[in-house]
Amino acid sequence: MELKEQFAQNVENYLENRIIQDKRYLDDEQLGPDEKACILRDLFAANIREKEFQKLNQHFAPIFADNHPFHLCIYGKPGTGKTVSTKIFCEVLSELCESKNIACKIIQLNCTTPKTPFQFLNDFACELNVSRKYRKGVAHEEFMNKAIDALKEFTGYLIVLVDEINNIKYDSGTIFQFLIRRLPTEINSKLILILISNKLDWTDNLDPRVSSFFKKEDLYFRPYNAVDLLAILKLRVEKSLNKDMVEDGVIEKIAAYSSREHGDARKAVALLAKAAQMAEEKNSKITIDCVDLAESAIDKDKYIEAAETLPRQIQLAFLSIYSSATISNNVVCTGQGYEVYQKLAREHGVNPITQRRYSDCLKELDLTGLITMRIISKGRYGRTAEISLPMKDIIMNKVSERIESSLKTR
DNA sequence: TGTCCACAGGAAATACGGGGGT
DNA sequence: ACCCCCGTATTTCCTGTGGACA
């Protein structure tokens, strides 16, 4: 009985002092579509992204006068609300079309995880219910034909929304050729592509035969500034945190930091969440110090997580650089790294890859930010990539430890 | 001025392994 | 059970190159 009372008391305390009331609002992944819509409406009320929504409206308004709008390319850095805004807009659009009796079909695809042309076309066909998931062995042509057959009868507006289109690996040309040239001529519906990308220049290396056909309009989502972020964070605090436990200046600090560093709302909210979590563990209010701590913790986590999910060969490549960099003054060149790599690969019972491929792996590591490489010439002593580790030893230690252990469990 | 190092990185060839047909 | 087709992953082959050195 006493224990029970004690427990009840603890629960009472916890409920009174906890900071996080509803943690779902600190992580968009956990929110349902209605709640997301709700957040977005609040944002519009705060005059954020209103202009962009307006532009979307204008672009698609001609539909209702039986005019065919151009394609639409949407740009913007990660976390600027491109995807959410566009998705919500599509929902609104499709409701409006329905009420006005206009045939309109919306297909949504996303390449958040990088996709090969094969996987993309496979998804496209699946979305139209004319195919199952395949892993290999089916011709691109077959998916395209299936998709076209499925769409042949439809004569209304067909909107194809592709998120993160810049994430198509290898030959993205086949995809564009299909979407921009082939699809519109072989189906009877009026096709409008909405292509979302976080790179401004992804249309640059488009085949001229395709790009001349590509009538488009651009829409740019600018990064959030400190004022926007402050409004966004305030909304989240309102929904998810116990306001009394947030010290003055905390959200201002997060907003200022985030707008300076990246203008990414998702990251700003993640920082708030981490700070709240750390404060809760310490049983204190969220202070400015918590924000600083949270910031470095997130930084560390980011690299560790990236390192753990890397393919095995690339992990080995990283280890080879790491171990040779620590003995030779932090700078390695490709040849040295490769020798160490071969030894490591044998130790782990893995077939070593060629040096050509090894240097490709290093390039991928460079992209993740785990190493930095620049190509230099040492005159008579050759031309090579000079590779170094950009981060502090503590982080690197941790990262390599995690890689070692994840290699063992495979 | 030319040579030559130690690779970079492009292109073509080959290996791999799932898929359908038979 | 076997074969051929497919897209992707890796290897093989190769040409290119910035600058120290003789």
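Order of the sequence lines sets the chain letters (A, B, ...), proteins ahead of strands, with each chain counted from 1. Please read these numbers as outputs of a predicted model, since none were measured by experiment.
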Notebook entry, point to check: Salt bridge check: are A:Asp22 and A:Arg24 linked by an N-O gap of less than 4.0 Å?
Noted result: yes

Note to self: Check A:Asp248 with A:Lys285, please: is the shortest side-chain N to carboxylate O separation under 4.0 Å?
What the structure shows: no

Next item on the list: Using a strict cut-off of less than 4.0 Å between a Lys/Arg side-chain nitrogen and an Asp/Glu carboxylate oxygen, indicate whether A:Lys398 and A:Asp393 qualify as a salt bridge.
Entry: no

Margin query: Using a heavy-atom cut-off of 4.0 Å across all strands, would you classify A:Glu142 as base, sugar-phosphate, or nothing?
Written below: nothing

Notebook entry, point to check: So, is the end of the A:Arg181 side chain (NZ or CZ) under 6.0 Å from the ring centre of A:Phe213 and within 45° of the ring's axis?
Noted result: yes

Check: First contact, last contact: which nucleotides of DNA chain B are these for chain A, 5' to 3', heavy-atom distance under 4.0 Å?
Finding: B:dC5 to B:dG20

Check: Is A:Arg374 touching bases, backbone alone, or none of the nucleic acid, heavy atoms closer than 4.0 Å?
Finding: nothing

Notebook entry, point to check: A:Tyr341 vs A:Tyr358 aromatic rings, parallel, tilted or perpendicular, using cut-offs 30° and 60°?
Noted result: tilted

Note to self: Strictly under 4.0 angstrom, non-hydrogen atoms only: write out the protein contact profile of nucleotides 3-14 of chain C, one letter per nucleotide from the 5' end, B, S or -.
What the structure shows: ---BBSSSSB--

Check: Do A:Lys239 and A:Tyr25 meet the cation-pi criteria used here (NZ or CZ under 6.0 Å from the six-membered ring centre, within 45° of the axis)?
Finding: yes

Margin query: Please classify the nucleic acid contact of A:Lys363 as base, sugar-phosphate, or nothing, using heavy-atom distances under 4.0 Å.
Written below: sugar-phosphate

Check: Which residue, A:Tyr170, A:Phe124, A:Phe143, forms the ring-ring contact (aromatic ring centres under 6.0 Å, His included) with A:Phe118?
Finding: A:Phe143

Note to self: Would the distance check show the side chain of A:Asn110 and the main-chain N or O of A:Asp163 forming a donor-acceptor pair, the cut-off being under 3.5 Å?
What the structure shows: no

